[in-house]
Number of protein chains: 2
Amino acid sequence: MPRGLHLLASSRRDRCRLLPQSNKRVVPGATVGRLPAYLQALTELSEAGSRRVASDELASVTGVRSAQLRKDLSYLGTYGVRGVGYDVSQLIDEITAELGLTQDWPVIIVGMGNMGRALAAYGGFGQRGFRIVALADDDPSIVGDVVQGLPVCRLADSLAANERLAIGVITTPADQAQQIADRLVEHGVQSILNFAAIALRVPDNVDVRRVDLSTELQILAFHAQRRDMAKGREGVG
Amino acid sequence: MPRGLHLLASSRRDRCRLLPQSNKRVVPGATVGRLPAYLQALTELSEAGSRRVASDELASVTGVRSAQLRKDLSYLGTYGVRGVGYDVSQLIDEITAELGLTQDWPVIIVGMGNMGRALAAYGGFGQRGFRIVALADDDPSIVGDVVQGLPVCRLADSLAANERLAIGVITTPADQAQQIADRLVEHGVQSILNFAAIALRVPDNVDVRRVDLSTELQILAFHAQRRDMAKGREGVG
DNA sequence: TTGTGTGAATCGATTCACAGCC
DNA sequence: GGCTGTGAATCGATTCACACAA
């Protein structure tokens, strides 16, 4: 609750000076949400042989405005060259580091239904420091299956076998999701990606992101309905 | 630009008066994004037998603040009763109508890999006006499979067989997603849910929402790294 | 007394527009 | 001349705080 305390006065041009330690770069949440897209686009550019890129170009590829891109990147530091652009591979390195992708993030997937299997098979998962180390499900008819080379275990066994789990992905039905989350949290998991259609309740120190198909569809339906209404009104003036 | 003009603008309480037509209710995007969660919670309350609910309670279930919930609902109209709360079933009806869930939204899923099959099997899909009418994939080894009672067809055939498709869900690999999107748009699809790891380029009249596992994980990693850094600094002051 | 509805204040994110550097 | 970096302006979303209806 105590939110808006940080004035952090003065410090107008200290910015680029890179102070020894406490370099309080506060990257806004909205910016963090776009960094993966930039990284993705930069990786493609790099593979295509580009060594430099201008904000206009990178912005258009990722679907944002160039001013926004430049402001986003400015939160990471001053890596562009005026009149020239950005060095592709340097930018890749900076964003990779900013997002913490140089570290190792062991992942457990809980719930080996269709969605869990799809995620386990998803190649992009293994990229960038994310490493699936455990697949769990308490359904006896599923325990023992081998998915993508990993055995499916009961959650208790998976936890016992993996001291450190950084990220838990929950793909169980909604009515089990909360107790799964509780057990993950108790085991020390502090990051949860929740595919179940329920708002999880977790302690403050745990970060949950939710992906909900049903929500996405409903948002699409809202906008579709608005379009239809606008079109219907069109002829009536 | 002239900001401070509206001192004596009158029209303070006209608001509730519900003018004949042009009742410009502009529901903010952020609010639209929360309505599905409210609807979900209300449905559960209703099934549990509640007839009324206060903003405090509904807010706490859905994980928002009560002031926010009240403001969100106020965009839909004045449905609460001061000192009492909201009527659960009335609110369900209002939100359902606002989101366009009283209409029929035929859905096509393109890409019958693991993710496509998971989505086809996902129960919540069939809820609330969303109706899967076609499953498409151009891989000959998949065409002809029957998934959840529906045959998998080539995209061209699926389109030919379904005049009206409201929503297209793309779960193909990234390198095919753009051309799939183009074909859907050409066929008249104006809402796309994109699971492929690429930013689709579509005309202005088409609405795309993207769900990207890799992005979600990277955002979690960013916050996890920040937590770790904070913890490391803890002892050092 | 209770709990909604909502202006006003605050907070955050985006866009503008241009100085500064290559 | 071209493109970044960034204050300032704008736009949008959240929270506060309280008048008011039941």
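Quick caveat: nothing in here was measured; it's all calculated off a predicted structure. Below, chain A is the first sequence line, B the second, and so on; all start at residue 1.
- Taking atom CG on B:Leu73 and atom P on C:dG5, their separation rounds to 8 Å, with Å as the unit.
- Under the rule for a side chain to side chain contact (heavy atoms under 4.5 Å, CB included), the partners of B:Gln90 that lie at least two apart in sequence or sit in another chain are B:Tyr79, B:Asp87, B:Glu94.
- If you take CG of B:Asp72 and C1' of D:dG12, they are 13 Å apart, rounded to a whole angstrom.
- Counting only N and O atoms by type, the side chains of B:Ser214 and B:Gln218 include a donor and acceptor under 3.5 Å apart.
- The side chain to side chain contact (heavy atoms under 4.5 Å, CB included) search around B:Asp207 returns A:Leu220, A:His223, A:Arg227, not counting sequence neighbours.
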Discussion item. Protein within reach of the bases, or only the backbone? For nucleotides 15-22 of chain C, mark each nucleotide 5' to 3' as B, S or -, using heavy atoms under 4.0 Å.
Written reply: BBB-BBBS

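- Legend: residues meeting side chain to side chain donor-acceptor pair (under 3.5 Å) with B:Thr31, ordered by chain and number and at least two apart, are B:Asp72.
- Rounded to whole angstrom, the span from the OH atom of A:Tyr75 across to the C1' atom of D:dG7 amounts to 11 Å.
- For B:Arg201, the side chain to side chain donor-acceptor pair (under 3.5 Å) criterion is met by no residue, not counting sequence neighbours.
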Donor-acceptor list for residues 101-109 of chain A side chains, cut-off 3.5 Å, not counting sequence neighbours:
{"unit_1": "A:Gln103", "atom_1": "NE2", "unit_2": "B:Gln225", "atom_2": "OE1", "d": "2.9"}
{"unit_1": "A:Asp104", "atom_1": "OD1", "unit_2": "A:Arg131", "atom_2": "NE", "d": "3.0"}
{"unit_1": "A:Asp104", "atom_1": "OD1", "unit_2": "A:Arg131", "atom_2": "NH2", "d": "3.4"}
{"unit_1": "A:Asp104", "atom_1": "OD2", "unit_2": "A:Arg131", "atom_2": "NH2", "d": "2.6"}
{"unit_1": "A:Trp105", "atom_1": "NE1", "unit_2": "A:Gly100", "atom_2": "O", "d": "2.7"}

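- Qualifying side chain to side chain donor-acceptor pair (under 3.5 Å) partners for A:Asn205, counting only residues two or more places apart in sequence or in other chains: A:Gln190.
- For the contact set between residues 50-63 of chain B and DNA chain C, defined by any heavy atom under 4.0 Å, the members are B:Ala54, B:Ser55.
- Every residue meeting the side chain to side chain donor-acceptor pair (under 3.5 Å) condition with A:Asp182, not counting sequence neighbours, appears here in chain and number order: A:Gln178.
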Name each donor-acceptor pair under 3.5 Å that joins a side chain in residues 52-61 of chain A to protein atoms two or more places apart or in another chain, with its distance.
{"unit_1": "A:Ser55", "atom_1": "OG", "unit_2": "A:Arg70", "atom_2": "NH1", "d": "3.2"}
{"unit_1": "A:Asp56", "atom_1": "OD1", "unit_2": "A:Ser66", "atom_2": "OG", "d": "3.2"}

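- For the segment residues 30-40 of chain B, the set of residues with a heavy atom within less than 4.0 Å of an atom of DNA chain D comprises B:Ala30, B:Arg34, in numerical order.
- By the side chain to side chain contact (heavy atoms under 4.5 Å, CB included) test, B:Ala174 is found to be paired with B:Ile198, residues two or more places apart in sequence or in another chain being considered.
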